[in-house]
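Below you'll find the structure, written out as structure tokens, and then a few comments.
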Amino acid sequence: MSAVNFAIGAIIFVLLRHWLRGDRRRHLLPRGPLGRPLVGHLHAIPDEHPEFQYARWAKEYDTDILHFNVLGRSIIVLNSVEAAHDLLDKRGANYADRPRFVLFEVMGWGVTLTFLRWSPRFILHRKLFQKSFTQSACKAYQPIQAEEARRAARAIIADPDSWEILLRRFSTAVVLRVGFGIEVQEKDDPYIKMMLDVEEATGQGGVPAGNIVDFFPMLRYLPSSVARLNKLFRPLIHARSTKQFIQRLHDAPWGSVESSIRAGEQLKPSFVHIQFGRYLANEAAGKPNDATIEDLKGIAGAIAIAGGNTTWSTIIVCILGLLKNAEALSKARAEMEDIIGVNGNGDLLRLPTFEDRPRLKYLANVLHETTRWQPLSPLGVPHATLADDEYKGYHIPAGSVVYPNVRAMSRDERHYSSPEEFCPERYESVSEGGRGEPLPEGPFGFGRRACPGKYLAMSGVYIMISTLIATMHLRCPRDENGNEIQPNVTFSDGLSGVPDSFGCLITPRSRHAEVLLRD
Ligand code: HEM
């Protein structure tokens, strides 16, 4: 028997064993559509935006927990906040693993917290990361965020057609200053190009851990000439061609600051300056270091990749929501005038600051609604189970890949009326005239893998959006008949969705607003 026949035989044997085993337990597994022999649901799960189909199946099978079998591996999709709480939060220890992200490995992601399996290395990265971005630690970064937000607003006044890329410059500038102490110059800075390339790489990589190479890691070695023949391997071709971008993200920013930190030059409030400085001090004193240089590089890279595009996309979604609901924009502006005060011309006396944030309650609801209305990771980042579990009488096998369907949670009509509407009032209490609906849970994930950058992210979104509302008019463009061109609400698929481009006219409210930004 040739080696090829032997390999095919071995694969068929493994699949058959899984399938037969699965069949015996099928009555115990959570509900879901029937799969095919051997391949299971491989062809049933849509390649693009499967969150919508998962939500339809959850209704059809009247369950908030679905089960799929893809090539012998169990996939669990949680469609309600309650199920996600019960499993990912309350039984967090068992759901803290990640599946292996083989496609992202091909892309060049190495020791990046987001993709690390449960291990001592994960615990080390998580501890270092979390400590650096607690709510109080993030206060140190607020001056950077405020300065960059004003710089972005000034740049938009000078070049309004480039508003999207200038907002991207803002979020990239923040993560590179916070992560590495690097200052990004203008919108065509090579670091902006680097982040665009990285986003293109991860954003077009399909559902994380959902590609055929994630299930059969050996297939990562398939020659490109063969892989090109089947659309299942399109993400593999894409991953190979974008590897250089991920490599550059890990090497370029670190490379540009390493020598100055080693030389003990100017200490900046950045993760790399603090942690690498500490590493070098320990080394000089002959003390051991918990983290290696590779660890520090990986964590700093995670700040840049997990923090830049997500913050930018959230700002863009917020603008999209405010264009769709002009009344919400007026209310947020009126609240600001109330809190900050206006002169005789109706101009704000000053720009909003972080000190105003607790009092800008309507704006806080605008930001909550932004994260609910269009969750950027509709299926989160998948967790994986470490051991067998049982929930509501169903069996959840060890090693299952678990997706929280955050999109379905945000549309759960038991909690949210008219969920497609962008409606910040839904969180106000009924006695205040609102709908008394719960704040969104899920846009930042669950349990022991929940987003550790949430406070940094939402501080950035707050200061950028409040600066825009304070100083600019945000309007839809008009067609030749004077009718508003309403933006489409469409997103890329992938680890973190990116809104497709749309038109928005951003113009300064007054000369006074421009002066405030200059000062
Ligand atoms: C509004 C912007 C952001 C959104 C919507 C967001 C969302 C998420 C989500 C859904 C996850 C997966 C959670 C889970 O597995 O349960 C995650 C993980 C993560 N986020 Fe964020 N994030 C944002 C900003 C940031 C920022 C600014 C940083 C860095 C400073 C960051 C760093 C990370 C890291 C390192 C992980 C992986 C954590 C782990 O696997 O243990 N994120 N984020």
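For ligands, and for the atoms within them, numbers begin at 1 and follow the listed sequence. Sequential numbering from 1 along the given sequence is applied to the chain's residues. Small disclaimer: the values here were computed from a predicted structure and weren't measured.
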Who's the nearest protein heavy-atom neighbour of [atom], and how far?
atom	value
atom 13 (C) of ligand 1	Arg449 O, 3.1 Å
atom 1 (C) of ligand 1	Thr314 OG1, 3.1 Å
atom 16 (O) of ligand 1	His383 NE2, 2.8 Å
atom 41 (O) of ligand 1	Arg126 NH1, 2.7 Å
atom 24 (C) of ligand 1	Thr310 OG1, 3.3 Å
atom 12 (C) of ligand 1	Val381 CG2, 3.5 Å
atom 27 (C) of ligand 1	Gly307 CA, 3.3 Å
atom 19 (C) of ligand 1	Pro452 CD, 3.7 Å

(request) Would you mind telling me if ligand 1 is within reach of the side chain of Pro443, the backbone, both or neither, using heavy atoms under 4.0 Å? (result) backbone
(message) Would Trp118 and Tyr95 count as a ring-ring contact (aromatic ring centres under 6.0 Å, His included) here? Give the steps.
(response) CA-CA 10 Å; Trp118 178 259; Tyr95 288 79; over 10 Å; no
(request) Look only at the side chain of Arg98 and the backbone of Phe115, and say whether a donor-acceptor pair between them is shorter than 3.5 Å. (result) no
(request) Flag the pair Tyr462 / Phe354 as yes when their ring centroid distance falls below 6.0 Å, and as no otherwise. (result) yes
(request) Would you mind finding which of Pro378, Cys451, Ala84 brings a heavy atom closest to atom 22 (N) of ligand 1? (result) Cys451
(message) For atom 6 (C) of ligand 1, which of the options Phe444, Phe133, Phe446 provides the nearest non-hydrogen atom?
(response) Phe444
(request) If the plane angle is over 60° it's perpendicular, under 30° parallel, otherwise tilted; pick one for Tyr427 and Tyr416. (result) perpendicular
Got an N/O contact under 3.5 Å between [X] and ligand 1?
X	result
Met458	no
Arg98	yes
Ser377	no

(message) Below 4.0 Å from ligand 1: does a non-hydrogen atom of Lys454 turn up there or not?
(response) no
